[in-house]
A.B. asks: 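If you scroll down you'll find the structure; I have some questions about it.
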Amino acid sequence: MSRQLIKYVLEREDYGAEVTVAGWVRTRRDSKGGFSFIELYDGSGFSGIQIIADGDLPNYESDVLRLTIGSAARITGVLTESPGKGQRVEIKATEVEAIGFADPERYPLQKKRMSFEALRDIAHLRARTNALGAVARVRNALSYATHRFYQDRDFLYLHAPIITASDAEGAGEMFRVSTLNPEAPPRNDEGIDYGQDFFGRPTFLTVSGQLNAETYALALDRVYTFGPTFRAENSNTRRHLAEFWMIEPEMAFADLNDNADLAEDYVQYLVRYVLDHCGDDLEFFNKWVEEGIIDQLTAVADSEFERITYTKAVELLEESGESFEYPVRWGADLQSEHERYLTEKVFNRPVTVTDFPFDFKAFYMRRNDDGKTVAAMDVLVPGVGEIIGGSQREERLDVLADSMRIKGMDEDHYWWYLDLRRFGSVPHAGFGLGLERVVQFCTGMQNIRDVIPFPRTPRNAEY
Ligand code: 4AD
Ligand code: MG
């Protein structure tokens with residue numbers, strides 16, 4: 001008899017059938033009547049399954065009574081309608097095979113609830129908890145839904161390089177990739193001689209696959225990347241990671257409106273997908289993590305996003321009478337508190353903000369005719385703030401070169417990027433969605449460190 005995943009066994013109604021399951025013990029209660037209830041969990045869904053292990057089993061004393069929390073077992077038995085509350089079916093065990101015991105004196109995950117913070121210190125075991133298991137399933141669903149969304153719309157999945165020589169955002173927040181001996185690097189007149197490094201030049205981990213995606217969009221029309229990106233910004237906030245996953249679609253023959261339409265459709269698709277496929281997990285989040293999250297997600301999936309310009313957003317914030325930690329003024333970037341005020345207090349729904357000042361946005365964004373703003377957009381959602389940043393790209397060679405000069409960038413270094421504007425340049429646009437931010441939004445999890453398996457943040461790269 002082959003093993004079945006618990007989520008499928010829980011759906012069965014053919015009582016009397018023999019089933020085999022395997023997983024880890026969540027709880028074990030021993031009844032005075034000489035038998036035990038075991039809850040076994042295999043992560044296939046939110047729920048574990050109840051097993052009744054009778055004292056008559058030949059290895060009851062030697063094995064069953066040693067199956068403490070965290071132990072692994074394979075159990076065969078008869079599928080039975082459950083008289084107890086909380087489950088429809090259970091398994092009356094005919095065979096219990098203890099596979100791996102977990103010393104109860106040393107196993108760090110006990111039945112009492114632990115804080116998410118404490119769980120970070122046992123990140124190698126936290127996937128066994130209800131919460132982190134549910135997060136992993138939602139994250140998986142969002143990844144799968146992403147491919148479905150883009151593949152259904154004829155976008156081609158592109159693998160952008162992880163090691164790069166270019167700073168795609170021009171913000172200088174890159175991790176260096178080098179094989180030089182840090183204790184005695186070769187030197188020249190200018191300092192360390194990266195000409196002798198592995199790639200014969202300075203190289204870094206990518207902050208974004210966008211520039212590479214643009215080259216393919218200007219050949220294949222619609223592409224998207226989905227991969228890890230890295231930022232060496234020293235920000236210890238609940239929504240920043242040093243390593244995070246980004247999805248970056250890029251479309252040729254498209255402007256800012258097309259871009260915003262795609263972004264909003266994509267977010268709604270993701271939310272709808274999670275509502276349709278992660279019901280049990282969402283119910284857990286609704287009950288234990290963020291009350292009302294299901295209603296909120298349903299509203300997001302069903303209603304239009306607000307769309308306003310940055311200038312309008314600044315007006316609304318100024319009129320609000322709210323005292324923000326960071327003062328609001330035209331020309332300064334929106335802070336998390338401003339983003340949240342707009343989505344949570346002013347509109348109570350996601351907001352797409354467009355046309356930001358040129359001064360604090362990236363060099364590649366298309367300059368508007370007003371001379372002050374660029375065709376940029378951020379999608380903001382309640383609870384999290386920015387989940388998407390994007391823009392129409394500057395397709396005019398002279399204007400792009402001018403923007404780069406103003407931002408102090410070396411045009412020679414970006415010769416290939418400028419070539420795209422020399423040969424068959426067309427209007428094009430794209431954006432980046434931070435996967436972890438969307439997982440936070442869909443689960444209500446407060447800290448981004450708890451929605452990626454092994455978070456990388458300043459001073460933290462264990463596991
Ligand atoms: O707004 P960002 O910096 O935009 C870009 O990287 C563009 N190249 C995207 C594009 O147009 N193709 O980042 C995009 C998104 C943000 O909206 C946010 O969701 C996420 O990436 N993000 C982070 N997520 C976690 N930790 C960080 N440090 C993040 N920085 C950005
Ligand atoms: Mg941004």
Side-chain angles (χ1 to χ4, degrees), residues 108-109 114-129 131-143 146 159-180 182 197-199 202-213 224-248 289 335-336 362 381 383-389 431-463:
L109 281 173
M114 288 174 77
S115 70
F116 289 127
E117 209 171 2
L119 286 173
R120 275 173 228 146
D121 292 334
I122 46 168
H124 60 305
L125 295 171
R126 66 178 182 164
R128 297 183 184 188
T129 62
L132 274 288
V135 166
R137 283 184 296 271
V138 169
R139 187 180 168 107
N140 171 68
L142 288 166
S143 305
T146 289
H159 299 119
I162 288 171
I163 299 173
T164 179
S166 303
D167 183 352
E169 293 299 303
E173 292 169 335
M174 302 204 288
F175 289 100
R176 186 180 293 282
V177 174
S178 171
T179 53
L180 294 179
D197 204 345
F198 190 91
F199 295 104
T203 48
F204 308 89
L205 295 178
T206 190
V207 295
S208 156
Q210 177 195 320
L211 306 192
N212 304 91
Y224 69 105
T225 70
F226 185 170
T229 48
F230 307 86
R231 303 225 172 149
E233 51 184 332
N234 196 5
S235 40
N236 257 307
T237 78
R238 60 175 199 86
R239 50 174 220 163
H240 286 92
L241 290 166
E243 175 180 289
F244 62 99
W245 287 66
M246 191 154 49
I247 294 110
E248 296 186 271
V289 173
Q335 300 295 321
S336 163
V381 295
V384 179
E386 178 190 339
I387 55 168
I388 282 179
F431 60 83
L433 169 134
L435 179 66
E436 289 74 18
R437 299 258 176 105
V438 156
V439 181
Q440 281 188 280
F441 178 58
C442 289
T443 58
M445 293 292 286
Q446 286 300 302
N447 199 306
I448 200 165
R449 293 168 175 80
D450 303 323
V451 298
I452 186 166
F454 300 103
R456 270 71 179 105
T457 52
R459 313 203 62 74
N460 175 28
E462 186 74 42
Y463 309 101

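Every value quoted in this text rests on a predicted model; they were computed, and no experiment measured them.
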A.B. asks: Does the side chain of L205 reach to within under 4.5 Å of the side chain of I162, using non-hydrogen atoms?
C.D. replies: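 Yes, close enough: below the 4.5 Å cut-off.
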
A.B. asks: So P202 and D197, do their side chains get closer than 4.5 Å, heavy atoms only?
C.D. replies: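 They are not in contact (no side-chain heavy atoms under 4.5 Å apart), so the answer is no.
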
A.B. asks: Please find the pair of heavy atoms, one from G209 and one from A160, that lie closest to each other, and give the distance.
C.D. replies: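 G209 and A160 have their closest heavy atoms at CA-CB, 3.9 Å.
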
A.B. asks: So, do L433 and E248 sit near enough that their side-chain heavy atoms are less than 4.5 Å apart?
C.D. replies: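 Not touching, per the 4.5 Å side-chain cut-off.
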
A.B. asks: Out of curiosity, R128 CZ to I122 CD1, how far, rounded to the nearest 0.5 Å?
C.D. replies: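 The distance works out to 10.0 Å.
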
A.B. asks: List the steps and the verdict of side chain to side chain contact (heavy atoms under 4.5 Å, CB included) for F204 and D167.
C.D. replies: CA-CA 8 Å; F204 308 89; D167 183 352; over 6 Å; no

A.B. asks: Measuring only between side-chain heavy atoms, which start at C-beta, is I247 closer than 4.5 Å to T225?
C.D. replies: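 No; the side chains remain at least 4.5 Å from each other.
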
A.B. asks: Go through the steps for I448 and R238 under the test side chain to side chain contact (heavy atoms under 4.5 Å, CB included), then give the verdict.
C.D. replies: CA-CA 5 Å; I448 200 165; R238 60 175 199 86; 5.8 Å; no

A.B. asks: Taking everything shown except F198 itself, do over 12 heavy atoms lie less than 6.0 Å from its CZ?
C.D. replies: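 Open.
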
A.B. asks: Name the orientation class of the two ring planes belonging to F454 and Y463 (parallel below 30°, tilted from 30 to 60°, perpendicular beyond 60°).
C.D. replies: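 Ring orientation of F454 relative to Y463: tilted.
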
A.B. asks: Specify the closest pair of heavy atoms between R239 and V384, including all atoms of both residues, with the distance to one decimal.
C.D. replies: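 What the structure gives for the nearest pair is NH1-O, 3.0 Å.
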
A.B. asks: For R176 and T203, run side chain to side chain contact (heavy atoms under 4.5 Å, CB included): C-alpha distance rounded to whole Å, both residues' side-chain angles, the deciding distance at 0.1 Å, then the answer.
C.D. replies: CA-CA 6 Å; R176 186 180 293 282; T203 48; over 6 Å; no

A.B. asks: Nearest 0.5 Å, please: how far is OG in S166 from CD in Q210?
C.D. replies: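 That separation rounds to 12.0 Å.
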
A.B. asks: Do D450 and R126 meet the salt-bridge criterion of a basic N to acidic O distance under 4.0 Å?
C.D. replies: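 Looking at D450 together with R126, the answer is yes, because their closest N to O distance falls below 4.0 Å.
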
A.B. asks: Check whether T229 reaches the backbone of S208 with its side chain - one donor and one acceptor, N or O, closer than 3.5 Å.
C.D. replies: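 Between the backbone of S208 and the side chain of T229 there is no qualifying donor-acceptor contact (under 3.5 Å).
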
A.B. asks: Could you tell me the separation between the SG atom of C442 and the CD1 atom of I387, rounded to the nearest 0.5 Å?
C.D. replies: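 Rounded to the nearest 0.5 Å, the SG-CD1 separation comes out at 8.0 Å.
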
A.B. asks: If we only count heavy atoms from C-beta on, is the L435 to S143 side-chain gap below 4.5 Å?
C.D. replies: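 The answer is yes, as the side chains (C-beta and beyond) meet within the 4.5 Å cut-off.
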
A.B. asks: Once you round to the nearest 0.5 Å, how far does CD1 of I163 lie from CZ of F175?
C.D. replies: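 The distance works out to 14.0 Å.
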
A.B. asks: Measure across P453 and P455 and return the closest heavy-atom pair with its distance rounded to 0.1 Å.
C.D. replies: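 Taking P453 first and P455 second, the nearest heavy atoms are O-CD, 3.6 Å.
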
A.B. asks: Grab the two heavy atoms, one from L132 and one from A127, that are nearest each other, plus how far apart they are.
C.D. replies: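 Taking L132 first and A127 second, the nearest heavy atoms are CB-CA, 4.0 Å.
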
A.B. asks: Between R449 and N236, does any side-chain donor sit less than 3.5 Å from a side-chain acceptor?
C.D. replies: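 There is such a pair between these side chains.
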
A.B. asks: May I ask you to test the T129-L109 pair for a side-chain heavy-atom distance under 4.5 Å?
C.D. replies: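 A side-chain contact under 4.5 Å exists here.
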
A.B. asks: Are the side chains of T146 and F226 in contact, using a 4.5 Å heavy-atom criterion?
C.D. replies: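 Sidechains of T146 and F226: in contact.
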
A.B. asks: Is any side-chain heavy atom of S336 closer than 4.5 Å to a side-chain heavy atom of T237?
C.D. replies: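 When only atoms from C-beta onward are counted, T237 and S336 do not touch, as no gap falls below 4.5 Å.
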
A.B. asks: Decide side chain to side chain contact (heavy atoms under 4.5 Å, CB included) for Q446 and F116; before the verdict, give the C-alpha distance in whole Å, the side-chain angles of both, and the deciding distance to 0.1 Å.
C.D. replies: CA-CA 10 Å; Q446 286 300 302; F116 289 127; over 6 Å; no

A.B. asks: Below 4.0 angstrom, N of the basic side chain to O of the carboxylate: do R139 and E436 qualify?
C.D. replies: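 Judged by the 4.0 Å cut-off on N to carboxylate O distance, R139 and E436 do form a salt bridge.
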
A.B. asks: To the nearest 0.5 Å, what is the distance between CZ on R456 and CZ on F230?
C.D. replies: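 One gets 10.0 Å once the value is rounded to the nearest 0.5 Å.
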
A.B. asks: So how far is it from H240 NE2 to R437 CZ, rounded to the nearest 0.5 Å?
C.D. replies: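 Rounded to the nearest 0.5 Å, the NE2-CZ separation comes to 5.0 Å.
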
A.B. asks: Compare every heavy atom of T443 with every heavy atom of V138, then report the nearest pair and how far apart it is.
C.D. replies: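 V138 and T443 have their closest heavy atoms at CG1-CG2, 4.0 Å.
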
